[in-house]
Amino acid sequence: MSLIQVSRGTRDLLPEEIQYWQQIEAIAREVFSRATYQEIRTPIFEQTDLFERGMGEATDVVSKEMYTFQDRGDRSLTLRPEGTAGLVRSYVQHNLYAQGEIQRLWYVGPMFRYERPQAGRQRQFHQVGIEALGSADPRADAEVIAIAKDLLNAIGLENLRLEFNSIGDRQDRLQYREALVAFLTPYQNDLDPDSQERLTRNPLRILDTKDEKTQDILQNVPSIHDHLSPSSQKRFEQVQQLLTDLGIDYNINAKLVRGLDYYTHTVFEIQSDDLGAQATVCAGGRYDGLVKELGGPETPAVGWASGLERLVILMQQLQPPTAPTLDFYVVSRGDRAEAQALKVAQTLRQLRFSAELDLSGSAFGKQFKRADRKGAAACLVLGDAEAENLTVQLKWLASGEQRAIGQSELPSLADEIRQQIEASRALPRVD
RNA sequence: GCGAGCGUAGCCAAGUGGUUAAGGCAGAGGUUUGUGGUACCUCCAUCCCGCGGGUUCGAUCCCCGUCGUUCGCCCCA
């Protein structure tokens, strides 16, 4: 037997887990809309060029992690590895910049990277993110960070660290890059192999290596902060002040750089200790050059993305899954009764009760056993006698009390029954 | 792409180079053919221990490969 299973690095979200996803999505919607961010949905695949230009061809994501394919028209398409590039493409394509000085947008959806799966990392994974396009105001930086924190707190996560840094503008970074290479070149042969490779390709990335020997060498490395222009330095300080004013704790991390080329000035990560090796639950920063790079007008922007799988892992550590509540379990036996039971179940649902219909046709005893296991508040019972006179037995499972009511009485009794359901949930069961 | 561990029923899980591969949960049926939660009984891997190949008289157990998975590296959310 060769059963077809999910592809490597993808997985099914089964009902037991999905409640966490729905909870996060609901909270995100609420938090974002309160901050006047609007949802945007863009395609899951885009032209490959978009990501190459947007994220930088030398980045790992672009150079080795993209799901790229030719379609039947021989176009090179790529499953989006992140959300920002597509969102900015849409912003430019639809001239959203013409509609106002700032666009606040959010998105959620699947992203794809060809990587080796491990804890908190899938090939198809999901991100939720926000972007504020059109403002260079440091308050925009602080706002998006504050919203990230609001979201994570609303989900119930604590013990998170905000790592914060400025990597300046292009000029600052070019200068710093030279200084960095000048500093590291004498140690070239002592660096770990990856870092040696990066020395020519992307020296800033050496800073956040986990290799201990390389980190030792980096003890006295020149700081990016000494290479920020006065205006970059000022921005950096302003954002810090705003965060402090908001009561948001942060840790300035001069070695925090990010993997994508488009970042400028503010970069940050929010990390958790409870995730194994993949500590980052939310990351982002400012990207003042990206809109122009993708053919739009010079437009400053700032945003972040958060990995839903990682948020779900943390949530599952905090709250046990909750079973859905059930108002009614509809029990029936006999041809006429069974037919009426379906109608009764539909009536209950139209009256906005939850109701499960037992379809087994097994003995009443079995059906009650199931009702009990499902945690129903009450049963409606139909047998031959009830079918005959169009009644139904209403039985409360906690107390065992039972009375006959007419099937047509259900609508007029709905409010009373609803109150009793509330009450019965609060009561311990009677033996 | 690299390294290490793991792969026995729907789930958890014991086990052995050789007759019927423990146990638990879940599930089905029954004791209780119109009334539930406990208890008890029965059933639930008999081309079979991920798949393919090898060693062996004989492999679920040893070896190789492969796929999957877990954790880590790289990188990232």
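Chain A is the first sequence line, chain B the second, and so forth, proteins listed ahead of strands; every chain is numbered from 1.
- For A/R333, taking side-chain heavy atoms from C-beta onward, the closest of the listed nucleotides B/C74, B/G29, B/G34 is B/G34.
- Here the C1' atom of nucleotide B/A77 and the CD atom of A/E115 are 10 Å apart, to the nearest Å.
- Taking the P atom of each, B/G36 and B/C48 are spaced 41 Å apart, rounded to whole Å.
- Atom name P, nucleotides B/U55 and B/C63: the rounded distance is 15 Å, in whole Å.
- Listed by chain and number, the residues in a salt bridge (Lys or Arg N to Asp or Glu O under 4.0 Å) with A/R177 amount to none (sequence neighbours excluded).
- Legend: residues meeting side-chain contact (heavy atoms from CB on, under 4.5 Å) with A/I313, ordered by chain and number and at least two apart, are A/L275, A/Q317.
- A/Q271 comes within 4.0 angstrom of nothing in the nucleic acid, heavy atoms only.
- A/Q127 pairs by the side-chain contact (heavy atoms from CB on, under 4.5 Å) definition with A/E82, A/Y107, A/M111, A/R113, A/F125, A/A305, not counting sequence neighbours.
- Taking side-chain N and O atoms only, A/R8 has a distance below 4.0 Å to OP1 or OP2 of B/U69.
- Going from atom CG of A/D372 over to atom P of B/U38 covers 8 Å, rounded to whole Å.
- The separation between A/R123 atom CZ and B/G1 atom P is 8 Å, rounded to whole Å.
- Not one side-chain nitrogen or oxygen of A/Q118 sits closer than 4.0 Å to the OP1 or OP2 atom of B/U70.
- Using atom P as the reference point in both B/A77 and B/U69, the two lie 22 Å apart (nearest Å).
- Across all strands, A/A283 comes closer than 4.0 Å only to sugar-phosphate atoms, never to a base (heavy-atom distances).
- A donor-acceptor contact under 3.5 Å is formed by the side chain of A/R310 with the base of B/C76.
- Taking atom CD of residue A/E388 and atom C1' of nucleotide B/G34, one finds them 16 Å apart after rounding to whole Å.
- Nearest to the side chain of A/P117, among B/A77, B/U70, B/G36, sits B/U70.
- Computed from coordinates, the A/D192 CG to B/G72 P distance equals 19 Å when rounded to whole Å.
- Between the CG atom of A/D211 and the C1' atom of B/G3 there is a distance of 16 Å, rounded to whole Å.
- Counting any heavy atom pair closer than 4.0 Å across all strands shown, A/G120 reaches a base atom.
- Taking atom P on both B/G17 and B/C61, the two are 11 Å apart, rounded to the nearest angstrom.
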**Message:** Between A/Q122 and A/Q124, does the side-chain hydrogen bond (donor to acceptor under 3.5 Å, both in side chains) criterion hold? Intermediate values first, please.
**Reply:** CA-CA 5 Å; A/Q122 254 81 45; A/Q124 174 176 340; over 6 Å; no
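- No cation-pi contact links A/R123 to A/Y67, judged by a cut-off of 6.0 Å to the six-membered ring centre and 45° from its axis.
- In terms of the salt bridge (Lys or Arg N to Asp or Glu O under 4.0 Å) criterion, residue partners of A/D273 (sequence neighbours excluded) are, by chain and number, A/R161.
- The side chain of A/D384 lies closest to B/G34 when the candidates are B/C71, B/C74, B/G34.
- Spacing of C1' atoms, B/G52 relative to B/G68, comes out at 15 Å, to the nearest Å.
- Side-chain to base pairing of A/Q393 with B/U35: no donor and acceptor N or O lie closer than 3.5 Å to each other.
- Atom P of B/A59 sits at a distance of 12 Å from the matching atom of B/C49, rounded to the whole Å.
- Remark: the separation of the P atoms in B/U60 and B/U16 is 16 Å, to the nearest Å.
- Distances from the side chain of A/K366 to the nucleotides B/C76, B/G29, B/A4 place B/G29 closest.
- Comparing A/K64 and A/E82, the nucleotide of RNA chain B nearest to each residue sits closer to the 5' end for A/K64.
- Contact annotation: the side chain of A/E115 never approaches that of A/K64 to less than 4.5 Å [non-hydrogen atoms, C-beta and beyond].
- Taking OH of A/Y263 as the reference point, atom CG of A/D261 lies at 11.0 Å (rounded to 0.5 Å).
- Backbone-only engagement by A/C282 is indicated by non-hydrogen atom pairs under 4.0 Å involving sugar-phosphate atoms exclusively.
- Residue pairs meeting the salt bridge (charged side-chain N to carboxylate O under 4.0 Å, His left out) criterion with at least one partner in residues 387-407 of chain A, sequence neighbours excluded, are A/R336-A/E388, A/R403-A/E416.
- Per the geometry, CG belonging to A/L314 stands 12 Å off C1' belonging to B/A77, to the nearest Å.
- Where pairing requires Watson-Crick or G-U contacts shorter than 3.5 Å, the helical stems of RNA chain B with at least three consecutive pairs are B:1-7 with B:67-73, B:10-12 with B:23-25, B:27-31 with B:39-43, B:50-54 with B:62-66.
- Comparing B/G24 with B/A14, their C1' atoms are spaced 11 Å from each other, to the whole Å.
- Side-chain atoms of A/D194 lie closest to B/C74 of the nucleotides B/G36, B/U35, B/C74.
- Dashed line: the shortest gap from a side-chain N or O of A/R373 to OP1 or OP2 of B/G27 is under 4.0 Å.
- If you check every strand for non-hydrogen atoms under 4.0 Å, A/A371 touches nothing.
- The interatomic distance linking A/N389 (CG) with B/G34 (P) rounds to 18 Å, in whole Å.
- No more than 12 heavy atoms of other residues, nucleotides or ligands lie within 6.0 Å of OH in A/Y114, so this atom counts as exposed by the packing criterion.
- Both A/V6 and A/G307 lie near RNA chain B, and the one whose nearest nucleotide falls closer to the 5' end is A/V6.
- Aromatic ring pairs are classed by plane angle as parallel below 30°, tilted from 30° to 60° and perpendicular above 60°; the pair A/F236 and A/H225 is tilted.
- Proximity note for A/R116 (side chain, C-beta onward) versus B/G36, B/C73, B/G29: the nearest is B/C73.
- Residue A/E386 places a side-chain atom within donor-acceptor reach of the base of B/G34, judged by atom type and a 3.5 Å distance cut-off alone.
- Contacts of A/E197 with the nucleic acid, taken as non-hydrogen atoms under 4.0 Å apart, are absent.
- Among the nucleotides B/U35, B/A77, B/C73, the one closest to any side-chain atom of A/T280 is B/A77.
- Residue A/G9 is in sugar-phosphate contact alone, with no base atom involved, counting any heavy-atom pair closer than 4.0 Å across all strands shown.
- For A/R113, taking side-chain heavy atoms from C-beta onward, the closest of the listed nucleotides B/A77, B/G68, B/G29 is B/A77.
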